[in-house]
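Only heavy atoms go into these numbers, but all of them, side chains included; no hydrogens, no water, no symmetry mates.
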Amino acid sequence: MSKLLIVGTVAFDAIETPFGKTDKILGGAATYIGLSAANFNIHSAIVSVVGEDFPEEYLTMLQNKNIDTSAIEVVEGGKTFFWSGRYHNDLNSRDTLETQLNVLADFEPVVPDDYKDAEIVMLGNLHPMVQLSVLEQMSSKPKLAVLDTMNFWMDNALEDLKKVISKVDVITINDEEARQLSGEYSLVKAARAIEKMGPKYVVIKKGEHGALLFHNDQIFFAPALPLEEVFDPTGAGDTFAGGFAGYLTKTDDLSFENMKKAIIHASNLASFCVEKFGTQRMENLNREEVQKRLLEFRELTQFEIELSS
């Protein structure tokens with residue numbers, strides 16, 4: 001079976017939405033990616049860093065999901081990365097209230113020996129030079145390197161970001177970020193411009209409006225499942241990335257046709273993430289729920305049509 005290497009933050013979040021607020025809870029890009037990918041019963045490992053204040057029970061929970069946590073460095077006396085945010089009524093926009101880098105400020109990732117030959121690498125949202133460092137530690141070129149990033153790095157480390165973009169196969173970003181990175185308003189033109197930077201595949205996430213997959217002249221669209229209740233969108237994009245990478249790791253098929261299926265699985269898992277605060281929903285998700293919602297996705301998108309002559 002193929003192996004998935006995940007790099008990103010393991011963190012604390014404090015979240016406020018129109019539906020309530022939390023104290024410090026488990027968060028971080030790598031956490032969501034790992035929990036999502038774990039639904040495919042694969043071998044995965046997380047490379048990250050936490051402080052001495054990080055509860056052992058969280059690491060145990062990840063290990064129970066068959067996630068190797070040996071490369072999550074615990075810094076003695078250090079404090080874990082912390083982010084606090086407040087979402088607006090539409091849940092599509094938010095204000096960052098506080099960011100404490102803490103141990104993340106001096107993080108130098110170390111890829112475990114068992115995963116230096118991982119077939120798929122998922123580079124979660126981090127400083128681009130940290131992401132690049134991971135690729136440089138691999139003993140062999142991964143079959144697929146997937147990069148997730150955000151507008152913060154476009155604003156503050158664009159040249160470094162372009163370096164790592166040139167070395168990956170897939171980039172996943174949202175529509176606003178795609179427009180900023182490419183300078184194009186049309187998402188079709190934006191994807192073509194980003195492909196010229198290096199990636200063969202561009203995934204543009206549109207939140208509650210689904211996701212687009214671009215490859216050369218091919219385009220695929222996956223809807224987002226309309227939900228009755230959305231409590232917290234935090235981590236939905238990372239959950240999407242984890243579902244995408246996890247499915248491709250499980251199936252070991254990197255064709256465009258299989259990537260379409262990966263996008264559907266990714267959207268499906270992301271739809272669960274938003275139903276509770278933080279990682280709660282993803283921690284307790286079961287196979288039956290996932291399969292049932294996949295059928296709902298199929299019903300949402302399948303139709304018969306007759307073309308008149």
(request) Could you name each residue pair satisfying side chain to side chain donor-acceptor pair (under 3.5 Å) that touches residues 74-83, not counting sequence neighbours? (result)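 Non-adjacent pairs meeting side chain to side chain donor-acceptor pair (under 3.5 Å): Asp53-Thr80, Trp83-Thr96.
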
Taking [Y]'s backbone N and O only, do any of them form a donor-acceptor pair with [X]'s side chain (distance below 3.5 Å, no angle check)?
X: Asn268; Y: Val290; answer: yes
X: Asn151; Y: Met154; answer: no
X: Ser44; Y: Leu4; answer: no
X: Thr239; Y: Ser36; answer: no
X: Ser255; Y: Asn258; answer: yes
X: Asn174; Y: Glu176; answer: yes
X: Ser267; Y: Ile264; answer: no
X: Lys65; Y: Glu283; answer: yes
X: Glu177; Y: Met150; answer: no
X: Ser84; Y: Glu98; answer: no

Side-chain heavy atoms of [X] within contact of [Y], under 4.5 Å:
X: Ile173; Y: Leu181; answer: yes
X: Ile263; Y: Phe244; answer: yes
X: Cys273; Y: Arg281; answer: no
X: Leu212; Y: Leu187; answer: yes
X: Val274; Y: Asp232; answer: no
X: Asp160; Y: His127; answer: yes
X: Val103; Y: Phe81; answer: no
X: Val170; Y: Pro199; answer: no

Between [X] and [Y], is there a side-chain N and carboxylate O pair less than 4.0 Å apart?
X: Glu289; Y: Lys292; answer: no
X: Glu16; Y: Arg86; answer: yes
X: Asp169; Y: Lys143; answer: no

(message) Less than 6.0 angstrom separating the ring centers of Phe231 and Phe19, yes or no?
(response) yes

(request) May I ask you to check whether His265 and Phe40 place their ring centres under 6.0 Å from each other? (result)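 Between His265 and Phe40, which both carry aromatic rings, the centre distance is below 6.0 Å.
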
Determine whether the side chains of [X] and [Y] contain a donor N or O and an acceptor N or O closer than 3.5 Å.
X: Tyr32; Y: Thr234; result: no
X: Asp117; Y: Ser139; result: no
X: Thr251; Y: Asp253; result: no
X: Asp175; Y: His209; result: no
X: Asn125; Y: Trp153; result: yes

Let me confirm one number: the [atom1]-[atom2] distance from [X] to [Y], rounded to the nearest 0.5 Å.
X: Asn216; Y: Arg192; atom1: CG; atom2: CZ; result: 10.5 Å
X: Met282; Y: Glu275; atom1: CE; atom2: CD; result: 10.0 Å
X: Leu62; Y: Thr69; atom1: CG; atom2: OG1; result: 7.0 Å

Less than 6.0 angstrom from the centroid, inside 45 degrees of the normal: does [X] satisfy that with respect to the ring of [Y]?
X: Arg293; Y: Phe272; value: yes
X: Lys3; Y: Tyr115; value: yes
X: Lys261; Y: Tyr247; value: no

(message) According to a hydrophobic-cluster definition based on side-chain heavy atoms being under 4.5 Å apart (Ile, Leu, Val, Met, Phe, Trp, Tyr only), do Leu158 and Val168 belong together?
(response) yes

(request) Report yes or no: do Phe221 and Ile194 belong to one cluster of Ile/Leu/Val/Met/Phe/Trp/Tyr joined by side chain heavy-atom distances under 4.5 Å? (result)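 Same cluster: Phe221 reaches Ile194 through Ile, Leu, Val, Met, Phe, Trp or Tyr contacts under 4.5 Å.
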
(message) Here's a test for you: under side-chain contact (heavy atoms from CB on, under 4.5 Å), which of Val134, Asp148, Thr149 qualifies with Leu123?
(response) Val134

(request) Over 60° means perpendicular and under 30° means parallel, so classify the ring planes of Tyr201 and Phe256, tilted if in between. (result)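 Phe256 and Tyr201: parallel rings.
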
